[in-house]
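Inspection log for the structure reproduced underneath, given as structure tokens.
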Amino acid sequence: MGQPTTVVFDIGNVLLRWDPRNLYCRIFDDEAQMEWFLAHVCTPDWNVEQDRGRDWDEAVALLVKDHPRHEPQIRAFHERWDETVSGVFEEHVALLLRLRDAGVPNYCITNFSGPKFIQSQRRFPFLSGFDGIVVSGDERLLKPDPAIYRLLLDRYGLKAEDCVFIDDSQANAEAARAIGMRAIHCVEGIDLAAELRGYGFPV
């Protein structure tokens, strides 16, 4: 396997600092109540269906029907979604921009609601600078389904062996490796620049 030429980024918790607690710590005074709400009402399983393409108004209505006393808090997940993103991983965004300055092809595959991704592109313009983007909500495919990785490769004429994929999920990184990409599991404290230099990228 030769030296890779292309870097493929995940977005959430690789470039953007996303956590619903960033929002809900402003809504709930009690941390235990907040954690109960996120475990039993606006759950990860509920949210991932928006990443799969479910309409937000439909998603909110489903929860409000089952949890009417929590309607204001449920609606906040949609209406105040920007507050779930506290900012960016500055070092990783700077690294992405260095790759672009060096002419390295860069793409992204992200589990993200289509409308919320557009919203985030307005807030963070660097998200519009990729050579190609695959957003799960637009494609109705979720990582780690191999089909979403193959979609990127086919759509943009890429070879798996030329790509290094970066994701904060071990399962998503392993799925990329399974189709022939190199992959970096982006955990807290990782020196991402050193990892990419190890693959020969000019960073």
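Along the sequence shown, residues carry numbers from 1. Hydrogens, waters and symmetry mates are skipped; everything else that's a heavy atom, side chains included, is used.
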Report yes if the side chains of Met181 and Val164 come closer than 4.5 Å at any heavy-atom pair, otherwise no.
-> no

Under 4.5 Å between any side-chain heavy atoms of Val41 and Ile74, yes or no?
-> yes

Please check if the side chain of Asp51 supplies one atom and the backbone of Ser113 the other of a donor-acceptor pair under 3.5 Å.
-> yes

Is there a donor-acceptor contact under 3.5 Å from the side chain of Asp154 to the main chain of Leu151?
-> no

Side-chain ion pair, Lys116 and Asp82, N-O less than 4.0 Å | no

Ring centroid separation for Tyr107 and Tyr156, is it under 6.0 angstrom?
-> yes

Below 4.5 Å, heavy atoms only, C-beta onward: do Ser128 and Phe126 meet side chain to side chain?
-> no

Sequence neighbours left out, what pairs pass side chain to side chain donor-acceptor pair (under 3.5 Å) with at least one residue falling in residues 58-73?
-> Glu71-Arg75

Is a side-chain N or O of Asp168 found less than 3.5 angstrom from the main chain of Val14, in a donor-acceptor match?
-> no

Taking everything shown except Gln121 itself, do over 12 heavy atoms lie less than 6.0 Å from its CD?
-> yes

Counting only N and O atoms by type, is there a donor-acceptor contact under 3.5 Å from the side chain of Arg17 to the main-chain atoms of Ser86?
-> no

Are Tyr24 and Trp81 close enough that their ring centres sit under 6.0 Å apart?
-> no

Taking the side chain as every heavy atom from C-beta outward, state whether Arg21 and Leu38 have any atom pair closer than 4.5 Å.
-> yes

With respect to Glu139, which candidate in Arg150, Arg52, Arg155 satisfies the salt bridge (charged side-chain N to carboxylate O under 4.0 Å, His left out) definition?
-> Arg155

Would you say the ring centroid of Phe165 lies under 6.0 angstrom from that of Phe9?
-> no

Evaluate whether atom CD of Gln119 has more than 12 neighbouring non-hydrogen atoms of other residues, nucleotides or ligands under 6.0 angstrom away.
-> yes

Test item: Phe201 and Gln3 side chains (from C-beta on) under 4.5 Å apart, heavy atoms = no

Is any side-chain heavy atom of Met34 less than 4.5 Å from a side-chain heavy atom of Ile27?
-> no

Determine yes or no for a side-chain-to-main-chain donor-acceptor pair under 3.5 angstrom, with Arg140 supplying the side chain and Gly53 the backbone.
-> yes

Sub-3.5 Å donor-acceptor pair from the side chain of Arg182 to the main-chain atoms of Glu161, do we have one?
-> yes

Is the side chain of Tyr199 donor-acceptor paired with the backbone N or O of Val7 at a distance under 3.5 Å, no angle test?
-> no

